[in-house]
Amino acid sequence: MPIHNAEIAAIFDELADLLEVDGADFYRVRAYRNGARSIHDLPHELSTLLERGEDLVKLPGIGKELAKKIHEILDTGRCTALDRLHRRLPHSLTELLALPGLGPKRVHTLYHELHIHDPKELHHAAAAGELHRLPGFGRKTEEQLLERLEHRVDHPHRMIRAEAEGYVEALLAYLRALPAVERAEAAGSFRRGRETVGDLDLLVQSAEGAQVADAFVAYDEVESVIAHGRRKSSVRLRNGLQVDLRVVSGERFGAALHYFTGNRGHNVALRREAQRRGLKLNEYGVFDGEERIAGSDENEVFAALGYPYIEPELREGRGELEAAHAGLLPQRLVSAEDLKGSLHNHTRWSDGRGTLEEMVEAAVERGHAYIAITDHSQRLTIANGLDSRRLLEQLEAIDRLQERYPQIAILKGSEVDILEDGSMDLPEEVLARLDLVVGAVHTAFELPRAKQTRRILRAMESRYFSILAHPFQRMINERPPLELDIERIIRAARERGCFLELNATPKRLDLDDRYLYMAREAGVMVAIDADAHHPLQLDHLRHGALQARRGWLEPRHVINTRPLDELRALLRTTMG
DNA sequence: GCCGTTTTCGGCCCGACTGTTTTCAGTCG
């Protein structure tokens with residue numbers, strides 16, 4: 001059973017947590033956290049890197065000690081350092097640490113003074129009034145903990161970004177309408193375009209911090225106020241979303257916008273860079289001694305530190321600063337406006353809600369140069385998949401419709417099921433009649449990694465295969481990704497000369513940013529597809545473009561930025 | 001524990017809010 005990066009990162013995170021409760025040196029604790037984060041963000045499995053003979057010490061944040069522990073975990077499945085800690089501190093203390101208001105010091109006190117192991121025991125103690133006499137605790141702390149434990153709403157998952165968008169826009173409109181507000185923007189992971197957001201970070205430019213904060217906490221949808229200060233306030237909305245608001249003055253806005261756009265890794269790296277240059281960077285500006293040398297806009301902040309502007313989607317601490325220094329940043333990231341059509345869409349012929357004509361109309365309205373019709377194949381009976389006969393009928397219907405819509409190319413395709421043995425769900429003589437074949441897995445999600453990978457590799461080898469749709473078949477917060485050796489699939493796509501999809505449905509966004517980056521590095525082009533089941537869903541392309549930007553994709557990496565003739569040429573190389 | 005164009009020691013990102021501590025520690029992002 002291979003041990004994945006996430007599991008190793010989790011072990012280091014727990015080590016950090018327990019060491020911190022144990023009162024270990026703060027920087028030692030941070031080293032484990034940095035290591036965990038670095039591992040989590042790796043685009044390759046550590047086990048793969050070791051097989052290739054890579055030296056783990058070369059990875060950022062991994063030194064001799066952590067490398068040794070990684071070897072041990074991969075070899076034995078255990079970590080003796082963590083086992084040793086567990087003799088003194090139970091695993092369940094990490095649950096206490098996860099509670100808001102409890103950090104390592106208080107958990108240490110709870111465990112050693114009252115022998116409290118987990119949230120349940122804490123609940124009893126708080127209810128019995130045993131907490132407020134402990135050092136570092138008071139009546140108010142006890143009350144708040146009790147309140148939180150009683151109304152413990154688990155916020156198990158992060159909200160899908162597309163869903164959060166509505167809340168962000170409404171809140172920004174509310175803030176912008178306030179007389180004291182000169183400017184209001186969203187920052188944080190929302191601005192970086194992450195597929196999900198944990199909380200919202202909003203930034204306001206105003207000289208009247210207290211006034212803005214008062215209006216903010218009085219917002220209609222606020223359920224509870226977490227903090228309420230002149231510069232910084234936090235609330236929880238009724239939908240469970242936490243919103244943090246910062247208020248700054250104009251000459252500081254750019255620095256603050258940069259600071260709160262993050263992410264943490266990016267910020268830490270940039271602050272370290274500032275320090276290296278004898279400067280200081282904080283949310284108020286870039287400082288040379290007492291003097292502020294930049295701060296009113298982001299460009300200025302980057303420039304003061306010797307960098308070109310770096311797009312928010314790239315600010316993930318994944319080597320963007322190094323790339324900027326080396327002149328290797330993307331020239332221009334792809335955007336929704338670059339997309340000339342969606343290559344994976346459905347109609348009423350299978351499980352779509354729009355007719356063929358309505359889908360084409362919608363594409364014309366959006367100014368697209370082409371649209372591919374790719375209804376499901378016969379195996380997917382639940383989606384009214386098309387057998388050979390119906391597909392051939394549909395091709396004739398498309399021919400007739402094409403005559404009436406000379407302004408757009410209607411590409412003939414099919415989303416063909418990849419059967420469990422890797423064969424295609426329609427006969428070759430039918431597939432040969434199409435402009436493109438979009439292959440997809442819709443069954444047997446639970447196959448083990450090797451088998452699932454072989455299945456897809458075999459499908460990609462078939463004579464007609466253009467695009468691998470939603471490769472991981474994941475649904476964010478709902479269905480885990482398939483177990484796949486994606487590196488092998490990317491290599492195979494390159495050799496075969498076919499393409500990988502970035503499915504733009506907000507719940508899918510599959511491939512994700514890391515794998516898009518891998519595809520880019522491997523020279524495999526991507527199709528950003530709406531997978532529209534309704535005419536309006538063609539607008540999902542926007543979400544896909546955002547995800548593509550996070551994968552460092554430029555227009556040249558995306559096949560559906562190409563004009564029709566170039567696209568046709570690319571697709572032809574995949575068809576027979 | 002990691003790291004190095006201040007390299008094998010001595011640093012390590014920075015500030016706001018809260019509660020309780022009356023001058024600051026803990027927590028959070």
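Here is how names work: the chains are called A, B, and so on, in the same order as the sequence lines, proteins then strands, and each is numbered from 1. All values below come from the heavy atoms of this structure, side chains included, with hydrogens, waters and symmetry mates left out.
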**Student:** A:Tyr32 OH to B:dC2 C1': how many Å, rounded?
**Tutor:**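 Computing the A:Tyr32:OH to B:dC2:C1' distance gives 11 Å.
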
**Student:** Would you say a side-chain N or O of A:Arg28 is under 4.0 Å from OP1 or OP2 of B:dG1?
**Tutor:**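 A:Arg28 to B:dG1 OP1/OP2: side-chain N or O found under 4.0 Å.
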
**Student:** From C-beta outward on A:Asn282, which listed nucleotide comes closest to its side chain: B:dC14, B:dG1, B:dT18?
**Tutor:**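 The closest nucleotide is B:dC14.
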
**Student:** A:Leu245 has an atom CG; how far is it from atom C1' of B:dA16, in whole Å?
**Tutor:**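 Atom-to-atom, A:Leu245 to B:dA16, this comes out as 13 Å.
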
**Student:** I'd like to know whether CZ of A:Arg479 has more than 12 heavy-atom contacts from other residues, nucleotides or ligands below 6.0 angstrom.
**Tutor:**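 Yes.
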
**Student:** How many Å lie between CZ on A:Arg231 and P on B:dT18, as a whole number?
**Tutor:**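 A:Arg231 atom CZ is separated from B:dT18 atom P by 13 Å.
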
**Student:** Please report the distance, rounded to the nearest Å, between CG in A:Asp25 and P in B:dC2.
**Tutor:**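 Rounded to whole Å, this separation is 12 Å.
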
**Student:** With a 3.5 Å limit on both atom pairs, tell me what B:dT8 is paired to, counting Watson-Crick and G-U wobble, or say none.
**Tutor:**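 Partner of B:dT8: none.
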
**Student:** Under 4.0 Å: is that the gap between some side-chain N or O of A:Lys280 and OP1 or OP2 of B:dG15?
**Tutor:**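 So the side chain of A:Lys280 is within the cut-off, an N or O lying under 4.0 Å from OP1 or OP2 of B:dG15.
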
**Student:** List every contact pair, protein side and nucleotides 5-11 of chain B side both N or O, where the distance is under 3.5 Å.
**Tutor:**
none

**Student:** With distance as the sole criterion, is a donor-acceptor pair present between the side chains of A:His86 and A:Glu14 under 3.5 Å?
**Tutor:**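 Side-chain D/A pair, A:His86 to A:Glu14: present.
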
**Student:** Over all strands shown, is A:Arg33 touching base, sugar-phosphate only, or nothing at heavy-atom distances under 4.0 angstrom?
**Tutor:**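 Nothing, no nucleic acid heavy atom in range.
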
**Student:** Please figure out whether A:Phe137 or A:Tyr284 has its closest DNA chain B nucleotide nearer the 5' end.
**Tutor:**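 It is A:Tyr284 whose nearest nucleotide is closer to the 5' end.
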
**Student:** Please enumerate all residues that pass salt bridge (Lys or Arg N to Asp or Glu O under 4.0 Å) together with A:Asp214, with sequence neighbours excluded.
**Tutor:**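 For A:Asp214 there are no salt bridge (Lys or Arg N to Asp or Glu O under 4.0 Å) partners, ignoring immediate neighbours.
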
**Student:** Could you verify whether a donor N or O on one side chain and an acceptor N or O on the other, from A:Arg508 and A:Gln473, lie under 3.5 Å apart?
**Tutor:**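 Per modelled atom types, A:Arg508 and A:Gln473 side chains form a pair under 3.5 Å.
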
**Student:** Expressed as a whole number of angstroms, how long is the span from A:Asn267:CG to B:dG15:P?
**Tutor:**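 Between P of B:dG15 and CG of A:Asn267: 13 Å.
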
**Student:** So, does A:Arg272 get its side chain near the phosphate of B:dC13, meaning an N or O under 4.0 Å from OP1 or OP2?
**Tutor:**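 Answer yes for this pair, as a side-chain N or O of A:Arg272 is under 4.0 Å from OP1 or OP2.
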
**Student:** Verify whether one side chain among A:His266 and A:Glu316 offers a donor that lies under 3.5 Å from an acceptor in the other.
**Tutor:**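 No donor-acceptor contact under 3.5 Å links the two side chains.
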
**Student:** Measure from CD on A:Glu20 to C1' on B:dA25 and round the result to the nearest Å.
**Tutor:**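 In whole Å, B:dA25 C1' and A:Glu20 CD are 14 Å from each other.
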
**Student:** In whole Å, what separates the P atom of B:dC12 from that of B:dT6?
**Tutor:**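 B:dC12 and B:dT6 have their P atoms separated by 15 Å.
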
**Student:** Could you pick out which residue, A:Gly61 or A:Thr141, lies toward the 5' side of DNA chain B when each is mapped onto its nearest nucleotide?
**Tutor:**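 Looking at the nearest nucleotide for each, A:Gly61 comes out on the 5' side.
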
**Student:** Around atom CZ of A:Arg139, are there more than 12 heavy atoms from other residues, nucleotides or ligands closer than 6.0 Å?
**Tutor:**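 Incorrect, the count does not exceed 12.
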
**Student:** When you compare B:dC9 with B:dG15, how far apart are their P atoms, in angstrom units rounded to a whole number?
**Tutor:**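 It works out to 31 Å between them.
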
**Student:** Distances under 3.5 Å only, N/O to N/O: pair up the protein atoms with those of nucleotides 26-29 of chain B.
**Tutor:**
residue, atom, partner, partner atom, Å
B:dT27, OP1, A:Gly103, N, 2.7
B:dT27, OP1, A:Gly103, O, 3.3
B:dT27, OP1, A:Arg106, N, 3.2
B:dT27, OP2, A:Lys105, N, 3.3
B:dT27, O5', A:Gly103, N, 3.4
B:dC28, OP1, A:Gly101, N, 2.7
B:dG29, N2, A:Tyr259, OH, 3.1

**Student:** Can you tell me how far P in B:dG1 sits from the matching atom in B:dT5, rounded to whole Å?
**Tutor:**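 Straight-line distance between the two P atoms is 23 Å.
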
**Student:** In this structure, how many angstroms lie between the C1' atom of B:dC12 and the CZ atom of A:Arg37, rounded?
**Tutor:**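 Going from CZ in A:Arg37 over to C1' in B:dC12 covers 18 Å.
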
**Student:** Considering only atom C1', compute the distance from B:dT8 to B:dC2 and round it to an integer number of Å.
**Tutor:**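 Each nucleotide's C1' atom is 12 Å from the other's.
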
**Student:** Do the side chains of A:Leu553 and A:Leu333 get nearer than 4.5 Å, heavy atoms only?
**Tutor:**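 Answer no - side chains too far apart.
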
**Student:** With respect to the phosphate group of B:dC2, does any side-chain polar atom (N or O) of A:Asn34 fall under 4.0 Å of OP1 or OP2?
**Tutor:**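 It does not, given that no N or O in the side chain of A:Asn34 lies less than 4.0 Å from OP1 or OP2 of B:dC2.
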
**Student:** Say we look at B:dT27 and B:dT20: how far apart would their P atoms be, to the nearest angstrom?
**Tutor:**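 Comparing P positions in B:dT27 and B:dT20 gives a spacing of 13 Å.
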
**Student:** Taking any heavy-atom pair under 4.0 Å as a contact, classify A:Glu142: base, sugar-phosphate, or nothing.
**Tutor:**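 Nothing, no heavy atom under 4.0 Å.
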
**Student:** What is the nucleic acid contact for A:Leu270, judged by heavy atoms within less than 4.0 Å: base, sugar-phosphate only, or nothing?
**Tutor:**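 Result for A:Leu270 = nothing.
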
**Student:** Given A:Lys120 and A:Asp118, is the salt bridge (Lys or Arg N to Asp or Glu O under 4.0 Å) satisfied, shown in steps?
**Tutor:** CA-CA 5 Å; A:Lys120 207 169 150 195; A:Asp118 56 37; over 6 Å; no

**Student:** Classify the nucleic acid contact of A:Arg230 as base, sugar-phosphate or nothing, counting any heavy atom under 4.0 Å across all strands shown.
**Tutor:**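 The residue A:Arg230 makes sugar-phosphate contact but no base contact.
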
**Student:** Between C1' on B:dC2 and CG on A:Leu59, what's the gap in Å once rounded to a whole number?
**Tutor:**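 Atom-to-atom, A:Leu59 to B:dC2, this comes out as 13 Å.
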
**Student:** Can you tell which of A:Arg158, A:Arg161, A:Arg474 makes a salt bridge (Lys or Arg N to Asp or Glu O under 4.0 Å) with A:Glu195?
**Tutor:**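 With A:Glu195 as partner, A:Arg158, A:Arg161, A:Arg474 yield a single salt bridge (Lys or Arg N to Asp or Glu O under 4.0 Å), made by A:Arg474.
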
**Student:** Are any of A:Tyr27's side-chain N or O atoms less than 4.0 Å away from OP1 or OP2 of B:dG1?
**Tutor:**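 Answer no for this pair, as no side-chain N or O of A:Tyr27 is under 4.0 Å from OP1 or OP2.
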
**Student:** In whole angstrom, give me the gap between the P atoms of B:dG4 and B:dC13.
**Tutor:**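 Looking at atom P only, B:dG4 and B:dC13 are 13 Å apart.
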
**Student:** Tell me whether A:Gln331 at atom CD has more than 12 heavy atoms from other residues, nucleotides or ligands lying less than 6.0 Å away.
**Tutor:**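 No, not enclosed.
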
**Student:** Please determine, by modelled atom types, if A:Glu337 and A:Ser335 share a side-chain donor-acceptor pair under 3.5 angstrom.
**Tutor:**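 The criterion, which ignores hydrogens and geometry beyond distance, is satisfied for A:Ser335 and A:Glu337.
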
